[in-house]
Amino acid sequence: DRDVTGVQTCALPISVLLEETTRQIDRSAAEMSHEGTPVSLLLTLFMPDDEVAFCLFAAGSPASVEQACRRAALPVDRISRAITGPCEVT
């Protein structure tokens with residue numbers, strides 16, 4: 001997750017900030033993938049009331065995700081692994 005404290009006072013609307021953040025990470029992930037370290041940004045979610053952003057990545061390791069964020073000049077507060085399984089519809 002990413003702390004976005006002060007985002008409400010930013011001169012940019014939330015939608016523009018979300019687009020720019022996504023663009024920065026996408027660019028960084030594409031560069032890393034081109035260099036041989038596959039990283040893909042799957043989802044960026046801003047929670048303006050909580051002043052935090054969550055990004056969901058597909059990558060080989062947490063270190064790859066951290067490197068992609070650092071290259072994009074975005075702070076990283078925490079990286080957590082996620083495991084998916086079959087979904088059952090009831």
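No hydrogens, no waters, no symmetry mates; every other heavy atom, side chains included, goes into these values. On a predicted model such as this, the values are computed, not experimentally measured, just so you know.
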Once rounded to the nearest 0.5 Å, what's the spacing between atom CG of Leu56 and atom OG1 of Thr44?
9.0 Å
Measure the spacing between CZ of Arg81 and OG of Ser61 and express it to the nearest 0.5 Å.
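Here the rounded value is 7.5 Å.
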Starting from the C-alpha separation in whole Å, work towards a yes-or-no answer on side-chain contact (heavy atoms from CB on, under 4.5 Å) for Phe46 and Val52.
CA-CA 6 Å; Phe46 276 105; Val52 70; over 6 Å; no
May I ask you to decide if Leu18's main-chain N or O and Thr22's side chain share a donor-acceptor pair within less than 3.5 Å?
yes
Main chain of Ala29, side chain of Ser33: is a donor-acceptor contact present, judged purely on distance under 3.5 Å?
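Yes: the side chain of Ser33 pairs with the backbone of Ala29.
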Output every pair passing salt bridge (charged side-chain N to carboxylate O under 4.0 Å, His left out) with a member in residues 54-66, not counting sequence neighbours, ordered by first then second residue.
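Listed by first then second residue: Glu66-Arg70.
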Which pairs pass salt bridge (charged side-chain N to carboxylate O under 4.0 Å, His left out) with one or both residues in residues 30-48, sequence neighbours excluded?
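For residues 30-48, and leaving out neighbouring residues, the salt bridge (charged side-chain N to carboxylate O under 4.0 Å, His left out) pairs sorted by first residue read Glu31-Arg71, Glu35-Arg71.
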Under the criterion side-chain contact (heavy atoms from CB on, under 4.5 Å), I'd like the reasoning laid out for Met47 against Leu45: C-alpha separation, chi angles, the key distance, then a yes or no.
CA-CA 7 Å; Met47 309 286 287; Leu45 177 66; 4.1 Å; yes
Going by side-chain contact (heavy atoms from CB on, under 4.5 Å), name the residues that satisfy it together with Ala72, two or more places apart in sequence or in a different chain.
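Ala72: side-chain contact (heavy atoms from CB on, under 4.5 Å) contacts with Gln24, Ile25, Ser28, Leu74.
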Close side-chain approach of Leu41 and Cys55, heavy atoms under 4.5 Å:
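In short, these two side chains touch, coming nearer than 4.5 Å.
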With side-chain contact (heavy atoms from CB on, under 4.5 Å) as the criterion, how do Phe57 and Ser64 come out once you've worked through the C-alpha distance, each side chain's angles and the decisive distance to 0.1 Å?
CA-CA 10 Å; Phe57 291 89; Ser64 298; over 6 Å; no
